[in-house]
Amino acid sequence: MLILLKGGRIVDPANGRDEAGDLWIENDRIVAAPPGRLADEVHDVSGKIVMAGAIDIHSHIAGGNVNTARLLLPEKHQNHLPNPPALPLSTAKWSTFETGTIYASMGFTTVIEPAIVPHQALQAHLELSDIPIIDKGTLTVLGNDDFLLSLLRDGEGQAAVADYVASAVAASNGLGVKCINAGGATAFKYNARTFSLDDVVPFYGLTSRQIVEALQRAVEDIQIPHPLHLHANNLGIPGNVATALATIEAARGERLHFAHLQFYSYGAEGDRGFSSAAAELAAAVNAAPNVTIDVGQVMFRQTVTISADVLRQFNGVAMAKPKKSVIHDGDGNGGGIVPYLYRENDFANAVQWACGLELFMLIDDSWRVFFTTDHPNGAPFTTYPEIFALIMNRDARAEATARLPPEALAMTTLPSIAREYTLSEIATMTRAAPAKLLGLKDRGHLGEGGLADIAVYTRGKDLAKMFRFAHLVFKDGDLVVRDGRVTHYRWGKALKVNPGYDKAIDRRLAAYYDHHFGVSRDLFAVKENFLPRTGMFREVACAR
Amino acid sequence: MSEARIDGKPASLAAAAERAAEILSAARMPVIAGLGTDVAGARASILLAEKLRGAYDHMYSVRIFADLDVMRQAGLMFTTPNEARLRADVLLFIGKDLTKIWPAMMTRLSPAEIPPFDLARKPRKILWIAPGRGGAKVEGLAVQTLDSSDLHAALAALRARAAGRPVSCAKRMLRKLDEFAEVLKKARFGVAVWGGDSLDCLMIEMLHGLIRDLNKTTRFSGLPLGCDSNAAGVVQASGWMTGFPVRTSFGRGFPEHDTWRFDATRMIESGEADAAVWISAYGPEAPPWKKNIPLVALASPQTAFAREPQVCIGVGCPGIDHDAAEFSRETASIVGRLASHGSPAPSVAAIIGQIAKHFGEDASC
Ligand SMILES: [Zn+2]
């Protein structure tokens with residue numbers, strides 16, 4: 001099948017294009033204009049915006065903690081709308097089916113679930129299997145796992161650490177490695193209530209800094225394309241910009257992805273001891289080309305915080321709204337589920353909102369700042385269209401800013417910022433840069449040979465509407481969305497890496513599981529025969 | 001039971017599936033009950049319920065919601081058997097029959113071993129509330145027990161004493177409560193283990209209150225033993241597919257959850273449901289209702305029914321006859337199990353898939 005998208009504005013920063021032109025699709029790929037052939041299907045998209053499908057690098061869409069949150073809050077997702085017969089469960093709020101449907105209708109075609117501990121990996125992949133249309137991937141969470149900590153404590157050397165990390169990622173079919181409050185969840189099991197970069201994990205005698213450094217090196221050693229994805233210490237605490245700056249420093253010029261930086265951009269200035277330090281932090285990011293960040297924007301509404309930073313979540317229990325929460329001392333990280341209501345007239349929430357936007361505006365390089373709300377921690381991903389509007393239009397921002405408590409605004413630099421994102425910068429931040437960051441060479445661009453994951457938008461005055469309802473979306477060359485509505489399901493791939501390593505570590509791990517846990521490590525492996533469909537993994541090459 | 005029967009007479013699987021589809025399509029409000037099946041079976045059943053605009057429930061819902069209702073009203077702190085085994089310096093067992101619910105519990109938690117990740121590396125302390133007759137035995141360790149005919153009152157009194165509040169009770173009881181409270185407060189990583197029918201919502205909520213209080217100064221968590229027949233795995237699959245646990249209905253074209261309205265047995269006895277699918281792949285459990293309604297059974301071949309189902313199909317046991325993902329009590333997570341004695345006995349997912357084909361060929365899920 002040969003498809004022609006005729007006369008759209010092609011916004012493809014990966015190939016340096018922003019111009020009117022045609023785009024040809026054959027089967028699942030983008031192809032050069034085939035001389036002498038007629039398209040089987042022509043879509044006149046003149047005046048429309050044509051971009052690659054968007055890629056979300058950090059969104060909590062699956063896994064035990066997410067599912068616990070669903071079960072914790074039935075009253076927050078009552079349904080009212082029957083689903084179309086061809087799209088079973090697509091209107092069931094917060095279901096995996098709805099997740100894929102909404103992402104696709106916004107033009108997203110790849111989404112990464114960033115927090116899967118190895119012992120929850122099978123459930124996570126079962127959930128991902130039930131998310132239609134989009135491709136997905138997981139990051140494997142390490143850094144509070146006893147085997148790793150014992151390797152480090154016993155000084156076993158970097159090769160053993162690298163082998164272990166590779167084995168853990170391979171067994172859980174992950175696409176990369178995430179570290180969440182390194183050592184903090186373990187320290188919490190020993191009754192620590194705070195945990196910072198140079199605090200020591202009891203029993204193991206290791207600092208958070210040592211754990212992060214070891215994981216950062218291991219990821220490079222085994223040549224996973226995505227750098228270590230770090231959720232740092234002291235999330236959400238006034239004055240934690242010091243931790244963020246020290247963490248950037250601790251990367252020693254090596255590659256590091258710093259997750260949801262907004263939650264670490266707080267000073268302790270002012271009468272209330274809470275202020276934005278986003279400008280200072282943005283300057284530090286600008287000066288550290290080895291560092292990428294995603295924002296974790298806050299939006300004002302009811303949400304639920306879902307995090308494997310169990311220590312932080314435990315400390316947040318008193319803030320729960322509604323007043324109920326789950327704290328899980330799991331194998332490795334565990335996690336906490338704390339519902340939360342971000343309010344426009346709340347001083348601290350307003351500062352948080354402004355901090356996120358300051359980071360968007362003040363980090364210069366759109367290849368190094370990524371568009372996230374840390375769904376659902378800062379806001380549900382369904383708020384993305386509103387956020388696009390806020391960063392692309394200073395009037396929209398001024399209007400929203402005017403509703404905030406003035407004393408909160410006084411603690412930020414936001415009102416002084418005039419920047420507006422261009423479409424090309426949006427395409428960089430949500431397409432080209434995520435593909436590069438994750439090592440996904442086949443997507444994030446509209447060049448020949450690229451995967452035909454394509455979003456076509458209707459430019460209008462209402463930017464939020466433009467991004468909420470894509471005019472057309474193709475996944476693997478299949479037209480799945482028309483005028484913001486999904487027409488049919490298809491099933492996307494799970495992207496994974498398969499790093500090479502010395503298999504001797506598997507024998508050690510088998511013995512460790514038998515002795516310590518008293519169960520076989522094989523129980524936790526994600527094997528295809530336990531999933532609803534086979535052939536759904538796609539390997540992303542290790543090597544850079 | 002031969003592989004399939006229609007009205008008691010041997011039939012092919014294809015004929016049985018076709019007859020099942022006829023029965024279900026004739027129903028106004030069919031209900032899928034039992035749901036003793038692996039994740040794949042639950043998934044297929046929920047998709048079928050959606051097509052039929054029916055409801056679904058699990059055979060152990062009463063116990064499922066004893067824990068789940070507490071969680072969604074007040075929250076919960078919980079941990080895994082691995083963590084309990086490796087770290088718990090204090091184990092607080094609550095209720096009788098725990099080793100009947102989980103025969104491998106003592107091997108798995110190995111209480112007599114010094115917890116390898118405990119800093120103090122001292123023998124564990126074992127407390128047991130309301131163990132029932134002869135229940136509280138841990139090889140190689142002394143067990144402190146607290147008997148009570150009123151478990152809720154005992155837990156409330158213990159919580160009060162742990163928080164330093166007065167309680168009015170007999171002197172001997174007070175001394176016992178204070179001994180228990182001291183051990184709990186001195187725990188470094190304590191774990192409360194409960195399960196079975198003897199604990200209701202109020203008791204579990206009180207227990208959770210105690211756990212929450214203890215965490216003000218030390219670490220303590222909970223380990224509910226849950227129920228058999230992959231109840232937790234079915235609830236998980238239901239959670240990600242619909243947002244809700246079992247006792248959910250598609251009667252209005254979207255999932256609605258209500259523990260009273262969509263109780264399968266209540267729906268059947270009251271006449272609200274007019275056809276049923278009974279699924280029990282893990283063991284020979286028979287339907288608990290008395291009313292005679294059209295019944296399609298996907299059950300373990302040994303199942304003895306009070307009345308012959310209209311359609312009866314023998315299914316294999318997950319993890320034994322076929323590979324399966326299921327929730328494991330050993331790890332408190334969904335795990336994969338390769339067939340231990342692979343056989344041609346069909347899986348629930350395969351049979352439901354055959355039935356579903358009669359409701360439209362779109363294999364979209
Ligand atoms: Zn996150």
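Chain A is the first sequence line, chain B the second, and so forth, proteins listed ahead of strands; every chain is numbered from 1.
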A.B. asks: Does any part of the side chain of B:Met77, heavy atoms only, come nearer than 4.5 Å to the side chain of A:Phe314, both counted from C-beta?
C.D. replies: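 Heavy-atom side-chain distance check passes, below 4.5 Å.
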
A.B. asks: Return yes if some donor-acceptor pair links the side-chain N/O of A:His375 with the main-chain N/O of A:Phe381 below 3.5 Å, else return no.
C.D. replies: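 Indeed, once roles are kept as given, a pair shorter than 3.5 Å links the two residues.
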
A.B. asks: Based on non-hydrogen pairs under 4.5 Å, which of B:Arg337, B:Arg108, B:Glu256, B:Gln236 is most in contact with chain A?
C.D. replies: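 Highest number of heavy-atom pairs under 4.5 Å: B:Gln236.
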
A.B. asks: Should B:Thr218 and B:Lys185 count as side-chain neighbours, where that means a heavy-atom distance under 4.5 Å?
C.D. replies: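 No - every pair of side-chain heavy atoms lies 4.5 Å or more apart.
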
A.B. asks: Could you tell me whether A:Arg70 sits above the aromatic face of B:Trp240, with NZ or CZ closer than 6.0 angstrom to the six-membered ring centre and within 45 degrees of the axis?
C.D. replies: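 Verdict for B:Trp240: no cation-pi partner in A:Arg70.
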
A.B. asks: Quick check on A:His125 against chain B: is it the side chain, the backbone, both or neither that has a heavy atom closer than 4.5 Å?
C.D. replies: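 Neither part.
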
A.B. asks: So, using side chain to side chain contact (heavy atoms under 4.5 Å, CB included) as the criterion, who are the partners of B:Thr79 when residues are at least two apart?
C.D. replies: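 Here the qualifying residues are A:Asp329, B:Glu83, B:Phe189, B:Val191, B:Ser221.
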
A.B. asks: Heavy-atom distances under 4.5 Å only: say whether B:Arg85 touches chain A with side chain, backbone, both or neither.
C.D. replies: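 Just its side chain gets close to chain A.
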
A.B. asks: Looking at A:Tyr204, A:Tyr190, A:Trp94, which has the largest count of heavy-atom pairs under 4.5 Å with chain B?
C.D. replies: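 Greatest number of close heavy-atom pairs with chain B: A:Tyr190.
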
A.B. asks: Taking side chain as everything from C-beta outward and backbone as N, CA, C, O, which of these in B:Arg252 sits under 4.5 Å from a heavy atom of chain A? Side chain, backbone, both or neither.
C.D. replies: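 For B:Arg252, the contact with chain A is made by the backbone alone.
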
A.B. asks: State which residues pass ring-ring contact (aromatic ring centres under 6.0 Å, His included) with B:Phe78; sequence neighbours excluded, sorted by chain then number.
C.D. replies: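 Expected list: A:His328.
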
A.B. asks: Would you find a donor on one side and an acceptor on the other, under 3.5 Å apart, between the side chain of A:Tyr489 and the backbone of A:Pro88?
C.D. replies: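 It does hold such a pair.
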
A.B. asks: Looking at A:Asn529, A:Asn83, A:Asp146, which has the largest count of heavy-atom pairs under 4.5 Å with chain B?
C.D. replies: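 Among the listed options, the one with the most contacts to chain B is A:Asp146.
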
A.B. asks: Considering only heavy atoms, which portion of A:Ser520 lies under 4.5 Å from any heavy atom of chain B: side chain, backbone, both, or neither?
C.D. replies: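 Neither the backbone nor the side chain of A:Ser520 comes within 4.5 Å of chain B.
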
A.B. asks: If you count heavy-atom pairs under 4.5 Å between each of A:Asp130, A:Val326, A:Thr99, A:Leu89 and chain B, which one has the most?
C.D. replies: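 That would be A:Asp130.
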
A.B. asks: I'd like to know if B:Glu205 and B:Arg212 make a salt bridge, using a cut-off of under 4.0 Å between side-chain N and carboxylate O.
C.D. replies: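 Judged by the 4.0 Å cut-off on N to carboxylate O distance, B:Glu205 and B:Arg212 do not form a salt bridge.
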
A.B. asks: I'd like to know which of A:Pro532, A:Pro322, A:Ala62 tops the heavy-atom pair count under 4.5 Å against chain B.
C.D. replies: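 Sorted descending by pairs with chain B, the first entry is A:Pro532.
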
A.B. asks: Checking A:Leu126 against B:Ile334 for the side-chain contact (heavy atoms from CB on, under 4.5 Å) test, could you report, in this order, the C-alpha distance in whole Å, the side-chain angles of both residues, the deciding distance, and whether it holds?
C.D. replies: CA-CA 10 Å; A:Leu126 282 162; B:Ile334 290 180; 3.8 Å; yes

A.B. asks: Could B:Asp258 and B:Arg247 be called an ion pair, given the rule that one side-chain N must be under 4.0 Å from one carboxylate O?
C.D. replies: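 Looking at B:Arg247 together with B:Asp258, the answer is no, because their closest N to O distance does not fall below 4.0 Å.
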
A.B. asks: Please walk me through it: do B:Thr259 and B:Asp263 pass side-chain contact (heavy atoms from CB on, under 4.5 Å)?
C.D. replies: CA-CA 6 Å; B:Thr259 52; B:Asp263 166 352; over 6 Å; no

A.B. asks: Check each atom of A:Lys189 against the heavy atoms of chain B and say whether the ones under 4.5 Å are side chain, backbone, both or neither.
C.D. replies: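 Both the backbone and the side chain of A:Lys189 come within 4.5 Å of chain B.
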
A.B. asks: Under a 4.5 Å heavy-atom cut-off, does chain B meet the side chain of A:His488, its backbone, both or neither?
C.D. replies: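 Contact with chain B involves no heavy atom of A:His488 at all.
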
A.B. asks: Report the option among B:Leu68, B:Thr80, B:Ile46 that has the most heavy-atom pairs separated by less than 4.5 Å from atoms of chain A.
C.D. replies: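 It is B:Thr80.
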
A.B. asks: Please state whether the side chain, the backbone, both or neither of A:Ile131 comes within less than 4.5 Å of a heavy atom of chain B.
C.D. replies: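 A:Ile131 has no heavy atom closer than 4.5 Å to chain B.
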
A.B. asks: With respect to chain A, which residue among B:Leu47, B:Val235, B:Thr217 yields the maximal number of heavy-atom pairs within a distance under 4.5 Å?
C.D. replies: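 Between B:Leu47, B:Val235, B:Thr217, the count favours B:Thr217.
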
A.B. asks: What is the distance from atom CG of A:Leu122 to atom CG of A:Leu531, rounded to the nearest 0.5 Å?
C.D. replies: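 Nearest 0.5 Å value for the CG-CG distance: 6.5 Å.
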
A.B. asks: Please classify the contact of A:Gln120 with chain B as side chain, backbone, both or neither, using a heavy-atom distance under 4.5 Å.
C.D. replies: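 Side chain only.
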
A.B. asks: Tell me, out of A:Phe524, A:Phe97, A:Phe203, who's got the most heavy-atom pairs with chain B below 4.5 Å.
C.D. replies: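 Looking at each option in turn, the highest pair count goes to A:Phe203.
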
A.B. asks: Just so I know, are the side chains of A:Lys321 and A:Pro339 near enough to count as touching, which here means a heavy-atom distance under 4.5 Å?
C.D. replies: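 The answer is no; the side chains never approach within 4.5 Å.
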
A.B. asks: Heavy-atom pairs under 4.5 Å with chain B are the metric here; pick the option from A:Asn67, A:Thr96, A:Val317 that has the most.
C.D. replies: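 It is A:Asn67.
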
A.B. asks: Heavy-atom cut-off 4.5 Å, strictly under: side chain, backbone, both or neither for B:Gln73 against chain A?
C.D. replies: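 Just the backbone, heavy atoms under 4.5 Å.
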
A.B. asks: For B:Leu338, is it the side chain, the backbone, both or neither that has a heavy atom under 4.5 Å from a heavy atom of chain A?
C.D. replies: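 Contact with chain A: backbone and side chain both.
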
A.B. asks: With a 3.5 Å distance limit and no angle check, can you tell me whether A:Ser172 reaches the backbone of A:Pro118 through a side-chain donor-acceptor pair?
C.D. replies: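 Judged by distance alone, no pair lies under 3.5 Å.
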
A.B. asks: Go through the structure and list residues passing side chain to side chain contact (heavy atoms under 4.5 Å, CB included) with B:Ala120, not counting sequence neighbours.
C.D. replies: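 Listed in chain order: B:Asp118, B:Lys122, B:Arg188.
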
A.B. asks: Would you mind reporting whether A:Leu81 and B:Phe254 have side-chain heavy atoms less than 4.5 Å apart?
C.D. replies: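 A side-chain contact under 4.5 Å is absent here.
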
A.B. asks: Check whether B:Asp38 gets within reach of chain A through its side chain, its backbone, both or neither, counting any heavy atom under 4.5 Å.
C.D. replies: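 Contact with chain A: none, neither part.
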
A.B. asks: Is B:Thr107 close to chain A through its backbone or its side chain, or both, or neither, when contacts mean heavy atoms under 4.5 Å?
C.D. replies: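 Neither part; nothing is under 4.5 Å.
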
A.B. asks: Which of residues 322-331 of chain B get closer than 4.5 angstrom to chain A, counting heavy atoms alone?
C.D. replies: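 Under the 4.5 Å heavy-atom cut-off, B:Asp323, B:Ala324, B:Ala325, B:Glu330, B:Thr331 qualify.
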
A.B. asks: What part of B:Arg43 gets closer than 4.5 Å to chain A, counting heavy atoms only: side chain, backbone, both or neither?
C.D. replies: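 B:Arg43 touches chain A through side-chain heavy atoms alone.
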
A.B. asks: Using 4.0 Å as the upper bound for N to carboxylate O, is an ion pair formed by A:Lys324 and A:Glu75?
C.D. replies: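 Between A:Lys324 and A:Glu75 there is a salt bridge, with a charged N closer than 4.0 Å to a carboxylate O.
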
